[in-house]
Amino acid sequence: YAIVERETDELLGNCGLMDIEQVNRTAEVGVFLGEESTRGKGYGAEALRLLCDYSFNVLNLRSLMLRVYDYNERGMASYRKVGFKEIGRRRKAHFYGGAYHDLVFMDLLAEELGPGRAGTGGAAEARPRRRAARLHAAPRWRSNARPRGPGFPILGRGFEATRRGS
């Protein structure tokens, strides 16, 4: 999915699901924000929260995992903000900047998804189930914008993540 600034239509990055296992109801998630200027503004956390909500409430997954290098402290803080917890490390698995770094594994269960900006309860309070259903059945374009191609928009604060490709 592309992460697009709603007001400027600027592409900020992407997020996605990989290695989906329907039997075990698990998947791996990833988020990437391109320009340094887009980082630290909550776009990544919000895109990840929306992707997790979609994964749990529409795809009926129960566990999501991600990998992050230990030098990406802002990324790890963002993942923790959504509700991800560290489950392990592969020590000195990545050579970068003249040193070896740990590969950190984090996961999130459906019942652990933290609340959104509204309310203090769990995922159901912050993101009602009808919103997840609307994501699944959303139109291919916004009413005030040009068609965005195949897929459907996932709306959020100030941006949308739109599925691209066929």
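- Checked against side-chain hydrogen bond (donor to acceptor under 3.5 Å, both in side chains), Gln22 has no partners two or more places apart in sequence or in another chain.
- With sequence neighbours excluded, no residue forms a salt bridge (Lys or Arg N to Asp or Glu O under 4.0 Å) with Arg62.
- Put simply, CZ on Phe32 and CD1 on Ile3 are 9.5 Å apart, with the number rounded to the nearest 0.5 Å.
- Annotation for Tyr96: atom OH does not count as buried by contact number, only 12 or fewer foreign heavy atoms lying within 6.0 Å.
- Here the closest non-hydrogen pair linking Phe84 and Leu64 is CE2-O, 3.7 Å.
- Atom CG in Leu59 sits 11.5 Å away from atom SG in Cys52 (nearest 0.5 Å).
- Scanning both residues, Gly16 and Leu51, for their nearest heavy atoms gives O-CD2, 3.5 Å.
- The hydrophobic cluster containing Leu48 also contains Leu17, counting ILVMFWY residues as joined when their side-chain heavy atoms lie under 4.5 angstrom apart, directly or transitively.
- With sequence neighbours excluded, the residues forming a ring-ring contact (aromatic ring centres under 6.0 Å, His included) with Tyr69 are Tyr71, His94, listed by chain and number.
- Contact between Ser78 and Ala45 at its shortest, heavy atoms only, is OG-CB, 3.3 Å.
- Note that CZ of Arg25 is 4.0 Å distant from CG of Asn60, once rounded to the nearest 0.5 Å.
- Hydrophobic clustering (side-chain heavy atoms under 4.5 Å, transitive across Ile, Leu, Val, Met, Phe, Trp, Tyr) keeps Leu113 apart from Phe105.
- Rounded to the nearest 0.5 angstrom, Leu11 CG and Leu33 CG are separated by 10.0 Å.
- The shortest heavy-atom contact between Glu35 and Thr38 is O-OG1, 2.6 Å.
- With Arg39 contributing its side chain and Gly34 its backbone, the two residues share a donor-acceptor pair below 3.5 Å.
- Met106 and Val68 make their closest contact through SD-CG1, 4.1 Å (heavy atoms, listed as atom of the first residue, atom of the second, distance).
- Lys92 meets the salt bridge (Lys or Arg N to Asp or Glu O under 4.0 Å) test with no other residue; sequence neighbours excluded.
- Linking Ile, Leu, Val, Met, Phe, Trp and Tyr whenever their side-chain heavy atoms come within less than 4.5 Å leaves Leu66 and Leu103 in two separate clusters.
- Distance CG/Leu61 to OG1/Thr26: 7.5 Å, rounded to 0.5 Å.
- Two different hydrophobic clusters hold Met65 and Phe56 under the rule that ILVMFWY side chains link at heavy-atom gaps under 4.5 Å.
- Under the salt bridge (Lys or Arg N to Asp or Glu O under 4.0 Å) criterion, Arg74 pairs with Glu36, not counting sequence neighbours.
- We find the CD1-OG distance between Ile20 and Ser55 to be 7.0 Å, quoted to the nearest 0.5 Å.
- Under the 4.5 Å side-chain criterion, counting only non-hydrogen atoms from C-beta, Asp70 is in contact with Arg89.
- Summarising the geometry of Gly83 relative to Leu108, their closest heavy-atom pair is O-CD1, 3.3 Å, with the distance given to 0.1 Å.
- Considering only residues two or more places apart in sequence or on other chains, Arg67 meets the side-chain hydrogen bond (donor to acceptor under 3.5 Å, both in side chains) condition with Glu28.
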